[in-house]
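Scroll down for the structure; my scribbles are underneath it.
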Amino acid sequence: MRVLVTGGAGYIGSHVVKALGESGYEVLTYDNLSYGHPDSVLCGDLVAGDLADTQKLRQVFASFRPDAVMHFAAFIVVPESVKEPLKYYRNNFCNALNLIDACLEFKVNRFIFSSTAAVYGIPGKIPVNEEEPLEPINPYGRSKVMVENALSDISAAGDLRYVSLRYFNVSGADEKARIGQNRKDATHLITVAVRTALGKKPYLEIYGIDYPTPDGTCVRDYIHVDDLSDAHLVSLRYLFDNGRSEIFNCGYGHGYSVKEVVDAAKRVTGVDFRVINTGRREGDPPALVADSTKLRNTLGWKPGHDDLDYIIRTAFEWEKKLRND
Ligand code: UDP
């Protein structure tokens, strides 16, 4: 079976490409390399191309003839989406439509979409299930809701079936430290923590200690990137087994506060790095934890790395190898 992966040279996409290759799928990565790295593509070929380039995209569909498409290529930085919304709507929404359009033209009826917990905004209850209203609080989250809505309408009108996976806090790296978070400007807590432990950053800032949570810092559901990859593989099998279009939350179902993550990072790395309490960061919900019952029950997903220390350790080992900071 052939799977076309957009954004396969990026952080999450590259882990899924690895998992697909190791499971015997034929994989082709389509990535404009704006943030992705060719070295991160461990399996299959890479075509450097942009989703706005519909001619190139069609050539890839025509020659590779995918049986399924996984769509990772998107911008992901929330504050940037507030400053430059058009950039987000154009890439995350318009370019997704280009890709879906090519799927329809080439009769590729299986589509897996990278969505996000940001679609929920500030959820009314924790843990959040898939029925919670979609009230995103920034253009990034809205651009993802727009694609979900388009997929829902397009699949209702024709043969396309899709799975939308709403990611919670994806973190960690490949067990053998071959791939991992590779962005210089990464802002994610665990990446920042291991970079600080390695002296690549002078200190870690905690964004707010006055939230209505047990220790005053925000709570998040950190999922290891290989478990998230596995969610993609079970979703793909589900679509190959003629499963109907579905949406699933991807997280472990329990959270850690920022302080807990920082303490764990100090313990795992063995470095008592500097931490500063600063003010709240705009747009941070106090708590975001997935109810992933649906993913577990419908697709039989069983996480293998629900272990904060393992997540931090793999991120740390990867970060030690990463010299391009
Ligand atoms: N955070 C922090 N310091 C940092 C990075 C993140 O205090 O240097 C906090 C952030 O405010 C949020 C949590 O850690 O409450 C997780 O943030 P991250 O950017 O990793 O993911 P998000 O939940 O925003 O998708």
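Whatever order the structure lists them in is the order used to number ligands and atoms, beginning at 1.
Contacts with ligand 1 closer than 4.0 Å are made by side-chain heavy atoms of Val192 only, the backbone lying farther away.
By the neighbour-count criterion of 12 heavy atoms within 6.0 Å, atom NZ of Lys87 is densely surrounded, having more than that number from other residues, nucleotides or ligands. Residue Glu22 places its CD atom among more than 12 non-hydrogen atoms of other residues, nucleotides or ligands, all under 6.0 Å distant.
Closest to atom 11 (O) of ligand 1, if we only count protein heavy atoms, is Asp284 OD2, 2.6 Å. Among protein heavy atoms, atom 3 (N) of ligand 1 sits closest to Glu205 O, 2.6 Å. The protein heavy-atom contact nearest to atom 25 (O) of ligand 1 is Asn169 ND2, 3.7 Å. Nearest protein heavy-atom contact of atom 15 (O) of ligand 1 is Cys218 CB, 3.0 Å. Here the heavy atom of the protein found nearest to atom 5 (C) of ligand 1 is Thr187 O, 3.3 Å. In terms of protein heavy atoms, atom 7 (O) of ligand 1 is closest to Tyr207 N, 2.9 Å. Nearest protein heavy-atom contact of atom 6 (C) of ligand 1 is Leu189 CB, 3.8 Å.
Considering backbone and side-chain N/O atoms, Leu204 never comes within less than 3.5 Å of an N/O atom of ligand 1.
Remark: Arg280 is not positioned above the aromatic ring of Tyr207, lacking an NZ or CZ atom under 6.0 angstrom from the ring centre and at most 45 degrees off the axis.
Near Val258, meaning under 4.0 Å from one of its heavy atoms, ligand 1 places the atoms 7 (O), 9 (C), 13 (C), 14 (O), 15 (O). Applying the 4.0 Å criterion to heavy atoms of Ile206 picks out, from ligand 1, the atoms 7 (O). Atoms of ligand 1 found under 4.0 Å from any heavy atom of Tyr222 (numbered from 1 in listed order, with element): 13 (C), 16 (C).
Under the 3.5 Å distance criterion, with hydrogens and angles disregarded, no donor-acceptor pair is assigned to the side chains of Tyr30 and Asp53. In the model, Asn249 has no side-chain atom that pairs as donor or acceptor with a side-chain atom of Tyr167 under 3.5 Å.
We find that Arg267 and Glu260 are not joined by a salt bridge, their nearest charged nitrogen and carboxylate oxygen being 4.0 Å or further apart. With salt bridges taken as basic N to acidic carboxylate O contacts below 4.0 Å, one links Arg178 and Asp174.
Using cut-offs of 30° and 60° on the angle between ring planes, the pair Tyr140 and Tyr88 is perpendicular. The aromatic rings of His71 and Phe111 are tilted relative to each other, their planes meeting at an angle between 30° and 60°.
For atom 24 (O) of ligand 1, the choice among Arg280, Arg281, Arg220, His188 with the nearest heavy atom turns out to be Arg281.
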